[in-house]
Every structure is written in structure tokens, then in C-alpha cells.
Amino acid sequence: MSLVKTRFAPSPTGYLHIGGARTALFAWLYAKSQEGECLLRIEDTDKERSKDEYTREIIESFKWLGVEFDNKVVYQSNNADRYKEVIDQLLELGSAYVCNGEDPETDKEYRDQNLPRDNKTVVRFKMPEEGTTVYADIVKGQIEVANEQLDDFIIERSDGSATYNLCVVVDDIDSNISHVIRGDDHVNNTFKQINVFKALNKNVPIYGHVPMILGEDGKRLSKRHGALGVREYADLGILPEALKNYLLRLGWSLGDDEIFTGDDMKKNFQSGILNKSPATFSMDKLLWFNKYYLDQMSIDQLMKVVALKDFDGGEYSKTVLETIRDRCSTLNEFSTNSDYFFKDPKDYDPSLLTKHCKEHTFNHLSLLKEQLEALEIWEQAHIKEVIDRVVSDLGIGFGKIGLPLRLALTATVNSPSIDLVCDILGKEITSRRLESFLIKIKNLKTDQ
RNA sequence: GGCCCGUUCGUCUAGUGGUUAGGACAUCUGGUUUUCAUCCAGGCAACAGGAGUUCGAUUCUCCUACGGGCUACCA
């Protein structure tokens, strides 16, 4: 049985965006699910637009995602001589010809003229003029086009460099690529490439063209169209396994299943179905996956991925993590939602202050503070008792005092149970924050 | 314009020549909750349109509409 070998071939003219990442994921899974190999090939023949920093970024992004390519990274810029060799060969075979690089129709007159090559001429590939070019696409099914639709495309520029459609074929031959899994923006190139393989008398690989991803506005997702780089999702606090799972489900499915871990993917990829139509990206669903994977983690695992200096692995930080994890669906939210457990609030939102601090709030809170400070055993249940007692003694609703208390301690009105927060914070800190909050709202009152 | 490809709830999708067309996200309504979130229960919601083929089409064929791609000495 021959080895399944695929490749992902980005051009380093920008960061790796999620569309590319998904295409790569499919190419990689296709190979990995059959114990094959997948190569990374950097198509950097466009010297103007290619940048090393993008190459590094792309490699980093895959590392983060957990897509591991086999063998060494191939750089097309290293293969110029080889391309030249193949172009010469094509010329010798009579499958290509030198011409002036005008439009394809007028250039066609040079098909059999054997024009000398110089620094003004280009080389075109001789496309068959009759019949059709057909191939069976793994995802799209049989696709065919009449050869008369196909132009004699340029394979060598006037500066002597080879163009994309030639390089791809040469590299795919040289790396023994068995299956070309790529974006469906390449279907039309496929007809050109197939004919080059044939002219060279080489086996044509099997093709599979995966549909593009559309942005949330339904337009194509691209580097210039708000596509977010893989890196940016990482910065947003998305877990790599969540992004991977989401990207997989965008266009691929296996019955009603949603969750696929790395191993599940490899195991089941072949039995699933790849859709033919483009899919629209949904941040909401990505976040749902993210939350799911976050929920699966133990506290110790969470501690590692959250990776904030406050979460040092100590008992206190474990408790904090445990109490806030439900309200976090990205890594970044662990930071914003835990802030007040580590630092006294500095500023309060003025609109929250005016909303929750009314005429009697100062007195109510002062009373509560006294009662809390008198508490012997600082535990959630006892704290709750005190709050309940004050509420009923005062004959007010819980919100009248609970919300200001929450604001005082956390500077927000969304937090875990306030008695729990008091418990975790400890008596001293609770009392301290209450004290400075009281001063603040006292002044607030005199200002008015 | 030419060529290629596509079209099931708002979104990702399952599925079949005869189904109450299934699931997930979002949304809505309840429940839990001292707030927010989580969680639980339930609801709304789709076969693009038109012709055929057929006893019967969401499913097969054709046309139209719409969407996407390609049409470079970019990749």
C-alpha cells in the first residue's frame, strides 16, 4: 500500500488565518487518519510580498494549534534550479514554447516557432486544444472543463523565474504528494496542473478541494476582509483544541456529534463527510466550544493554561479559580473576573454608584460592616446569616444592601455569591474595602 | 462577460424516493440562583423558486434566481 502524502502550501504574504488553518487541518487529518504524512511547503516565490516574519508566524501558529507537519519545511525559493530544469524539459518535449508575453491568443502563434529565449521572452505551456480535462475530486465529485477554455499559461517569467502553476506541480512530484487537499479557490488551477503532470508523464495526484469559510457577514473571509489570524484567537483567550474542534466542524460532520478531540479527529476523519458548500464562521459557536473545553479541565490544568501570575497554584488561587470558572468562556475572562480577588478596587463606575447607592445606603452598609466585624467564625454560612439578619432587621429587600456590598467589594455588580466572596476575601479585606467604600459614598453624598 | 462549484431552521449541520425532516450554536419562555453567569426543562424556526421523472419528491433531471471561486509575467 502506498503512503498517503498531503501538503499544506501557504504563501508567506500574511499571517495564518483561520481559513488556511482549516484547510491545513483537513489536509493533515486526511493524511494522519491513514497513517500518512503531511508536509508544510512555503510558497515564497513572490519575492515582493513574501516575508520571513510571516513564515515564522505561520509555523508558530501551527505549533500552537497542534498541527504537526512531517519532515522538513520545504521552501520553494530553494528550488529555482529545479523549476528551470523542468521548464527546459517541457520545452524539449515540445509541451511549452517561448513567446513574447503578449496576450495568450497572439502568443499562440509562436507555438511551433522555436523563438530564442532572452530576457524579454516568457515561456508558455501548451495546453491541449481539444477534448476535456476531467478529474474526480474527493469532496466535489467529478469536475470537467472543455480544453478550449484553457489558456496557454505562462510558466516562466521574463526574469527567468517560474510561476506558481509550474512550481506546484514540480514540488508535488518531487515530494511524492499523493493527495492534494487545498482550498477550492484552486479548482481552476487544477486543470492547468493536471495537464502539466500529463506532459511530464507523471502520475496525477488525487485532488480534494475544500470550500472557503465566509465571514459572519456572509462575505468571503480573507486577509483583507476581517479574517482573524490564528494568533489573534490565541490572544483572545481561545484554547487551541477548541479552535481546532470548531474548524473541523465547520464543513465536516459525523452524524450529530460535535465534540472531537485530537485523537477522535484522526480516528474518525475518514468516516465523516466534508461539505461542498462554503460555511459561515460563528464566533458564538467557537466560544461555546471554548467553554466546553474549559469546563473539562481540572483546576490544575486550568491553572496552567490561564497562566496569570496571581494564579500561583496556591490554595487561595485554586479557590478563586473554582469560584469564577463558570462565568469564564475565554482565558482572558479569568483575568477580568478575578481581579478583585487580588486587588482592592480603585475606581468605581460612577453610574453604578449612583444607581446602587441611595440615601440610606451609607447607614445600611455601616450597620452591616459592624455586624460583620463582630462575627467570630468567618465562613460563608455565618456571613450569610449576618446579611440576612441585617436585611430583615432593616426591613428592606436583599438587593438594597447586597448590591452595594457587591459593588464595594468587587467594583462590579456581577460576581459569585456575595457571602462566598466575603468568605474568600477574608474578614480583614472585606472590612477594609467596606471602610474605604463608605468614605467614598459619604463624599459622594455631600457632592450632590 | 466566460468557465467551474454550490444552495436543508438566523448559523454549523444530519437525513431519506413515502420521516412528526433530527442535532448543535444563537434566540425566546420557564426553573434554580442574593446579582451576573453556569446549570436544567421547554418553545420558535429550514428542504431557494419553477418545470419535469414518479403512485409519491427535500431526495433524481433540467431551467431560473442567489451565493462563492477562477479568469495575472500573485500564490
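Numbers restart at 1 for each chain; the letters A, B, ... are given by sequence-line order, proteins then strands.
In the set B:A75, B:U35, B:C3, the nucleotide with an atom closest to the side chain of A:D46 is B:A75. Among the nucleotides B:U34, B:C73, B:G6, the one closest to any side-chain atom of A:K276 is B:G6. With distances taken from any side-chain atom of A:N188 to the nucleotides B:U34, B:U38, B:G69, the minimum falls on B:G69. Side-chain proximity of A:W288 to B:C73, B:U38, B:A24: nearest is B:A24. Closest to the A:Q149 side chain, of the nucleotides B:U34, B:C3, B:U13, is B:C3. If you check B:G6, B:C73, B:C3 against the side chain of A:S158, the one that comes closest is B:C73.
Per the geometry, CD1 belonging to A:I259 stands 14 Å off C1' belonging to B:U13, to the nearest Å. For the pair A:D185 CG and B:U71 C1', the computed distance is 13 Å after rounding to whole Å. The NE2-C1' distance, from A:H209 to B:G68, rounds to 14 Å in whole Å. Rounded to whole angstrom, the span from the CZ atom of A:F289 across to the C1' atom of B:G23 amounts to 12 Å. Protein atom CZ of A:R182 is 17 Å distant from nucleotide atom P of B:G69, rounded to whole Å. To the nearest angstrom, P of B:C5 lies 7 Å from CZ of A:F191. Summarising the geometry, the separation between CD1 on A:I213 and C1' on B:G67 is reported as 16 Å, rounded to the nearest angstrom. If you take NZ of A:K47 and C1' of B:C73, they are 12 Å apart, rounded to a whole angstrom.
B:U59 sits 11 Å from B:U8 when the C1' atoms are compared, rounded to a whole Å. Taking the P atom of each, B:U27 and B:C5 are spaced 38 Å apart, rounded to whole Å. To the nearest whole angstrom, the two C1' atoms, one in B:G2 and one in B:C9, are 36 Å apart. Using C1' as the reference atom, B:U7 and B:C39 are 37 Å apart when rounded to the nearest Å. Rounded to whole Å, the separation between the C1' atoms of B:A46 and B:G69 comes to 26 Å. Comparing the P positions of B:G42 and B:A57 gives a spacing of 35 Å, expressed to the nearest Å. Comparing the same atom, P, in B:G18 and in B:U33 gives a spacing of 48 Å after rounding to whole Å. A distance of about 28 Å separates the P atoms of B:G1 and B:C60, rounded to the whole Å.
Residue A:D152 is tested with A:K192, A:R111, A:K126, A:R124 for a salt bridge (Lys or Arg N to Asp or Glu O under 4.0 Å); the sole match is A:R111. For the pairing with A:F125, the ring pair (Phe, Tyr, Trp, His ring centres under 6.0 Å) check across A:F153, A:F191, A:F197 returns one residue only, A:F153.
Across all strands shown, B:U7 pairs with B:A65; the Watson-Crick or G-U wobble distances both stay below 3.5 Å. The base-pairing partner of B:A41, taking Watson-Crick or G-U wobble contacts with both distances under 3.5 Å, is B:U29. Under the Watson-Crick or G-U wobble criterion, with both distances below 3.5 Å, B:G1 is paired with B:U71. For B:C60, the paired nucleotide is B:G52, the pair qualifying as Watson-Crick or G-U wobble because both relevant distances are below 3.5 Å.
Judged by distance alone, with hydrogens and angles left aside, A:S282 brings no side-chain donor or acceptor close enough to the base of B:C25 to form a pair under 3.5 Å.
When heavy atoms are screened at a 4.0 angstrom cut-off, A:I418 is found touching base atoms of the nucleic acid. Within 4.0 Å of A:N189, counting heavy atoms only, lies at least one base atom of the nucleic acid. Across all strands shown, A:V413 has heavy atoms under 4.0 Å from base atoms, whether or not it also approaches the sugar-phosphate. A:D388 comes within 4.0 angstrom of no nucleic acid atom, judged by non-hydrogen atoms across all strands. Among the heavy atoms of the strands, none lies under 4.0 Å from A:G399. Looking at heavy-atom distances under 4.0 Å, A:T280 makes contact with sugar-phosphate atoms alone, never a base. At a threshold of 4.0 angstrom between heavy atoms, the contacts of A:P416 include nucleobase atoms, whether or not backbone atoms are also involved. Within the nucleic acid shown, A:I273 comes within 4.0 Å of sugar-phosphate atoms alone, with no base atom in reach, counting heavy atoms only. Residue contacts for A:E156: at a heavy-atom cut-off of 4.0 Å it reaches no nucleic acid atom on any strand shown.
Ion pair A:K318/A:D300 flagged as a salt bridge, since at least one NZ, NE, NH1 or NH2 atom sits closer than 4.0 Å to an Asp/Glu carboxylate oxygen. Using a 4.0 Å cut-off between charged nitrogen and carboxylate oxygen, A:K369 and A:E373 count as a salt-bridge pair. A salt bridge links A:R117 to A:E156: one of the charged nitrogens lies within less than 4.0 Å of a carboxylate oxygen. Note on A:E333 versus A:R325: no salt bridge recorded, every NZ/NE/NH1/NH2 to OD/OE distance being 4.0 Å or above.
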- Message: Determine whether A:Y246 and A:W288 satisfy the following criterion, ring pair (Phe, Tyr, Trp, His ring centres under 6.0 Å), listing intermediate values before the conclusion.
- Response: CA-CA 9 Å; A:Y246 176 65; A:W288 178 80; 9.9 Å; no

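Within the 4.0 Å cut-off from OP1 or OP2 of B:A14, at least one side-chain nitrogen or oxygen of A:N275 is found. Of the side-chain N and O atoms in A:T45, one or more sit less than 4.0 angstrom from OP1 or OP2 of B:A75.
Rounding to the nearest 0.5 angstrom, the gap separating the NZ atom in A:K400 from the NE2 atom in A:H356 is 11.5 Å. Distance check: A:K384 NZ to A:I418 CD1 gives 12.5 Å after rounding to the nearest 0.5 Å.
Side-chain polar atoms of A:D295 and A:Y293 form no donor-acceptor pair below 3.5 angstrom. Side-chain contact check for A:S61 and A:R231: no donor-acceptor pair (N or O, by modelled atom type) lies under 3.5 Å.
Of the residues in residues 246-258 of chain A, A:R249, A:L250, A:G251, A:S253, A:G255, A:D256, A:E258 come within less than 4.0 Å of RNA chain B through at least one heavy atom, sorted by number.
When the nearest nucleotides of RNA chain B are assigned to A:K285 and A:S161 by heavy-atom distance, the more 5′-ward of the two goes with A:K285. Between A:A146 and A:F398, the residue anchored nearer the 5' end of RNA chain B, judged by the nucleotide with its closest heavy atom, is A:A146.
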